[in-house]
S.K.: 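Structure in structure tokens, see below.
One-based numbering along the sequence shown. Note that this is a predicted model, so its numbers are computed, not measured.
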Amino acid sequence: MTPEAFMANMPRMQSFPSFFKYIWQRLGSMSLAIILLVVLAIASVIGTVLLQNQGQADYLQQFGPLWYWVFRSLGLFDMYHTWWFLTILGFLMLSLSACLWRNVPKMLKDMRSRKATVTDKALKHFQYSNRWQLDGVSDVAAIQAAFQKRLQGWEFRAAEEGDRHSIRADKGRWNKWGYILVHSAILVILVGGWMGAHFGFRGNMAVPEGSADNEISFLQGTQTGHKTMPFMVRCNSFFIDFYPTGAPKEFRSNLTIIDGGKEVLTSDIIVNEPLYYKGVRIYQASFGDGGSDIVLKLFHMDGSEAITTASTQVYKSWTDKDTGIVLKITDFKPYNVENLADPGQAKKFQDLGPAVEYEMRGPGLKPVKIKSFMNPFVDLNGVNHGSFMMISLTGDDADYKPVALGLDLTHPVEWKLFHAFMKHLSALSGKQSKQANLEAFRAAMNDVFGEGERPKGFQEMAMRTLQAVNMLPQLPWPILPVLSDFTQHYYTGLQLARDPGMNVVWIGSALLVFGLCIMFYMPHRKLWLIVQPKDGGMTVTLAGMVNRNHLVFNKDFHDLFTKLGDDFAGLSS
């Protein structure tokens, strides 16, 4: 074979315009749009089930090292900002654009063009068709007038082809606008989502009472991002109300917006009622301790009976210069409601009062986390069991164990009684008997209260003192820090969000609802009435078609056929 013959037999390569046209047609195909929608829906389900933008430690603990790194490599922790999700979104937008570009002109043309004539061949394929033979009737105008009278509110168009007279009636001929609006609405919603992903933000800000801030923080995948707002937010006051169970009932912040050094807006916000300023919505999201002033009583465990105080704040550390003990205050709560009912019994909630959490470290001491309560524990029967605290040796809140100290440390006299008792016990020179211990306690009572004097409730005090003798010497700490006083300061947790695509999404949603209403509730119904002379009379054919709701149209068509039959009978008479 010659080279010329070989080249002549080679298939012709497609030109670039033809290739571009093929790609454009594929982009606008329904199959591609369905595939993209399914993939996008699956990804959205994953993004809904898997909480987005949480702490990496939480993900690692929840899924373990293997799945954590798999999910992290796929970007599932911040999925809506990943390149692959935005690429799918972009292709779906391009597919819808191609579909609209290709089909909208055809749909508009179909809605404008209303061909009134129908051939006999086409009539054979109509699902709805009936015929009358009218003898002695020759008035075509009267037949058409009867047809129009029965169809009030329809649009009509008449045509003639020789002796064949046709009139077409339409209702809902703009039905294809429903398809156009639905596809356009989906595109608008996707554009709004894309705008929100690229140009919007959502971050958190913690503002203590009386302070102001203008920086938000937010998680970006595995990193923490920061953004400076063009205005300051000041928290003037914070109010919180609780249910009897201790759960927050309502929390409210009074905020002032400071822009350019001037106070421009002051308003209260609560959950689901945000403050709106310059396109940014400020939501009430959370609350916490904003650095409350804490006073601790330090009970020295060296036998000196000394009680000193330490003043500090939440989130700060305090160091005892004499012992080297370091107290890092981590949290404070003025209310601590617990269920004190026995297992299986009806819940009985009780507020245990204010409590401060701190970490204690010191030379030769194992670090420990403590939750110290200000008030002694008084049970539901009114019995005072003395001061208590919760201790976690691991530093995990889940490992807190209650420790009863015995003494009611809100009354310094019990601290004196404890030391007096310990002094008399040590004087027993190893004599351990119930009677000897009783004599030692009586001597301690006389030292503290005087000979024969006994305070009210001294029996309970005696029980607490005996418990303290068994408990306090076991503590390895040189001091025992107990919450004594506080001045509460809250911070308000705000969430600042800006979504420039939100209004676009709302517009798209409204268009979607409107388009669906047109599609489902405004079907395009078409009727033809064809009149032809035959055998000294008229042959009248009624034909119709509809794009949906065939059951209703079938009934209406036969009702119309019956009524027109009566009208035409009157013309014959």
S.K.: Given side-chain contact (heavy atoms from CB on, under 4.5 Å), test L255 with T266 step by step and report yes or no.
M.R.: CA-CA 6 Å; L255 305 179; T266 298; over 6 Å; no
S.K.: Quick one: CG on L92 to OG1 on T87, what's the gap to the nearest 0.5 Å?
M.R.: 12.5 Å
S.K.: Are the side chains of V233 and I282 in contact, using a 4.5 Å heavy-atom criterion?
M.R.: yes
S.K.: When the ring centroid of F63 is compared with that of F71, is the distance short of 6.0 Å?
M.R.: yes
S.K.: Rounded to the nearest 0.5 Å, how far apart are CD of E338 and CD of Q350?
M.R.: 10.0 Å
S.K.: Taking R157 for its side chain and S166 for its backbone only, find out whether a donor-acceptor pair lies under 3.5 Å.
M.R.: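 Pair absent, no side-chain N/O of R157 close to backbone of S166.
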S.K.: Going by heavy atoms in the side chains, are I258 and R234 under 4.5 Å from each other?
M.R.: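 Yes, their side chains come closer than 4.5 Å.
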S.K.: Which heavy atom of D213 sits nearest to which heavy atom of A206, and what is that distance?
M.R.: OD2-O, 4.2 Å
S.K.: Less than 4.5 Å apart, side chain to side chain, heavy atoms only: is that true for L512 and L181?
M.R.: no
S.K.: Specify the closest pair of heavy atoms between R281 and P274, including all atoms of both residues, with the distance to one decimal.
M.R.: CB-CB, 4.5 Å
S.K.: Determine whether more than 12 heavy atoms belonging to other residues, nucleotides or ligands lie under 6.0 Å from atom CH2 of W84.
M.R.: yes
S.K.: Is the shortest heavy-atom distance from the side chain of H81 to the side chain of H198 under 4.5 Å?
M.R.: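 Answer no - side chains too far apart.
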S.K.: Do side-chain atoms of D396 reach the backbone of D399 as a donor and acceptor pair under 3.5 angstrom?
M.R.: no
S.K.: Distance-only, no hydrogens or angles: does the T330 side chain make a donor-acceptor pair with backbone N or O of E357 under 3.5 Å?
M.R.: yes
S.K.: Of all the heavy-atom pairs spanning I530 and L123, show the shortest one and how long it is.
M.R.: CD1-CD1, 3.7 Å
S.K.: List the atom of D351, the atom of N336, and the distance in Å for their closest heavy-atom pair.
M.R.: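 Scanning both residues, the minimum pair turns out to be OD1-N, 3.0 Å.
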S.K.: Might you work through the side-chain contact (heavy atoms from CB on, under 4.5 Å) test for V552 and D556, ending with a clear yes or no?
M.R.: CA-CA 6 Å; V552 175; D556 292 342; 3.6 Å; yes
S.K.: Students often mix this up, so state it plainly: with edges at 30° and 60°, are the rings of F238 and Y490 parallel, tilted or perpendicular?
M.R.: tilted
S.K.: Indicate yes or no: does E155 engage K171 in a salt bridge with an N to O separation below 4.0 Å.
M.R.: no
S.K.: With a 4.0 Å cut-off, would you call D170 and R525 a salt bridge?
M.R.: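 Judged by the 4.0 Å cut-off on N to carboxylate O distance, D170 and R525 do not form a salt bridge.
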S.K.: Within the side chain of T82, is there an N or O that forms a donor-acceptor pair under 3.5 Å with the backbone of M79?
M.R.: yes
S.K.: Please report the interatomic distance CZ(F287) to CG(L494), rounded to the nearest 0.5 Å.
M.R.: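 Those atoms lie 13.5 Å apart.
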S.K.: Please determine whether a side-chain nitrogen of the Lys or Arg among K124 and D120 lies less than 4.0 Å from a carboxylate oxygen of the Asp or Glu.
M.R.: no
S.K.: With a 4.5 Å limit on heavy-atom distance, are the side chains of L96 and M93 in contact?
M.R.: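 A side-chain contact is absent here, since even the closest heavy-atom pair is not under 4.5 Å.
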S.K.: Let me see the working for W177 and M111 under side-chain contact (heavy atoms from CB on, under 4.5 Å), right down to the final yes or no.
M.R.: CA-CA 9 Å; W177 271 110; M111 287 186 289; 3.6 Å; yes
S.K.: Taking the side chain as everything from C-beta on, heavy atoms only, tell me whether E263 gets closer than 4.5 Å to I257.
M.R.: no
S.K.: Is the backbone N or O of H550 less than 3.5 Å from a side-chain atom of N554, with the two atoms forming a donor-acceptor pair by type?
M.R.: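 The answer is no, because no donor-acceptor pair under 3.5 Å joins these two groups.
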S.K.: Can any side-chain N or O of S292 pair as donor or acceptor with the backbone N or O of H489 at less than 3.5 Å?
M.R.: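 The answer is yes, because a donor-acceptor pair under 3.5 Å joins these two groups.
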S.K.: Rounded to the nearest 0.5 Å, what separates atom CH2 in W154 from atom CG in L527?
M.R.: 4.0 Å
S.K.: Side-chain contact, heavy-atom cut-off 4.5 Å: D331 with V356?
M.R.: no
S.K.: side-chain contact (heavy atoms from CB on, under 4.5 Å), that's the test. Do R112 and D110 meet it? Break it down for me.
M.R.: CA-CA 5 Å; R112 286 194 300 265; D110 290 342; over 6 Å; no
S.K.: Can you label the angle between the F77 ring and the Y59 ring as parallel, tilted or perpendicular, going by 30° and 60°?
M.R.: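 Taking Y59 first and then F77, their aromatic rings lie parallel (interplane angle under 30°).
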S.K.: Atom CD1 of I216 and atom CZ of R202: how far apart are they, to the nearest 0.5 Å?
M.R.: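 Reported to 0.5 Å precision, the distance equals 10.5 Å.
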S.K.: Give a yes-or-no answer on whether the side chains of T256 and N236 include a donor-acceptor pair shorter than 3.5 Å.
M.R.: yes
S.K.: Can the ring centres of F332 and Y315 be said to be less than 6.0 Å apart?
M.R.: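 Not under 6.0 Å, so no.
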S.K.: Is a salt bridge present between K333 and D289, judged by a nitrogen-to-oxygen distance below 4.0 Å?
M.R.: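 A salt bridge is absent here (no side-chain N lies under 4.0 Å from a carboxylate O).
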S.K.: State, with a plain yes or no, whether a side-chain heavy atom of R114 is found less than 4.5 Å away from one of R173.
M.R.: yes
S.K.: Which atom pair, heavy atoms only, marks the closest approach of G508 to A185?
M.R.: O-CB, 3.2 Å
S.K.: Give a yes or no answer on whether the side chain of D499 reaches the backbone of G200 with a donor-acceptor pair at less than 3.5 Å.
M.R.: no
S.K.: Could you check whether any side-chain N or O of Q495 sits under 3.5 Å from a backbone N or O of A497, counting only pairs where one atom can act as donor and the other as acceptor?
M.R.: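 No: the side chain of Q495 does not pair with the backbone of A497.
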S.K.: Looking only at side-chain N and O atoms, does Y277 offer a donor or acceptor that is under 3.5 Å from a partner on D259?
M.R.: yes
S.K.: Passes salt bridge (Lys or Arg N to Asp or Glu O under 4.0 Å), D559 versus K555? Steps please.
M.R.: CA-CA 6 Å; D559 288 346; K555 179 179 180 301; 3.1 Å; yes
S.K.: Quick check: does any side chain N or O of R150 sit under 3.5 Å from a backbone N or O of L564, one acting as donor and the other as acceptor?
M.R.: no
S.K.: Apply side-chain hydrogen bond (donor to acceptor under 3.5 Å, both in side chains) to residues N547 and K526 and explain how you reach the verdict.
M.R.: CA-CA 9 Å; N547 64 334; K526 294 177 280 188; over 6 Å; no
S.K.: Is there a donor-acceptor contact under 3.5 Å from the side chain of H183 to the main chain of Y179?
M.R.: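 Indeed, once roles are kept as given, a pair shorter than 3.5 Å links the two residues.
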S.K.: Does a side chain donor of either S237 or E209 reach within less than 3.5 Å of an acceptor in the other side chain?
M.R.: no
S.K.: Any side-chain donor-acceptor pair under 3.5 Å between Q532 and T539?
M.R.: no
S.K.: Would K227 pass as a cation-pi partner of F218, given that its NZ or CZ must be under 6.0 Å from the six-membered ring centre and within 45 degrees of the axis?
M.R.: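 No.
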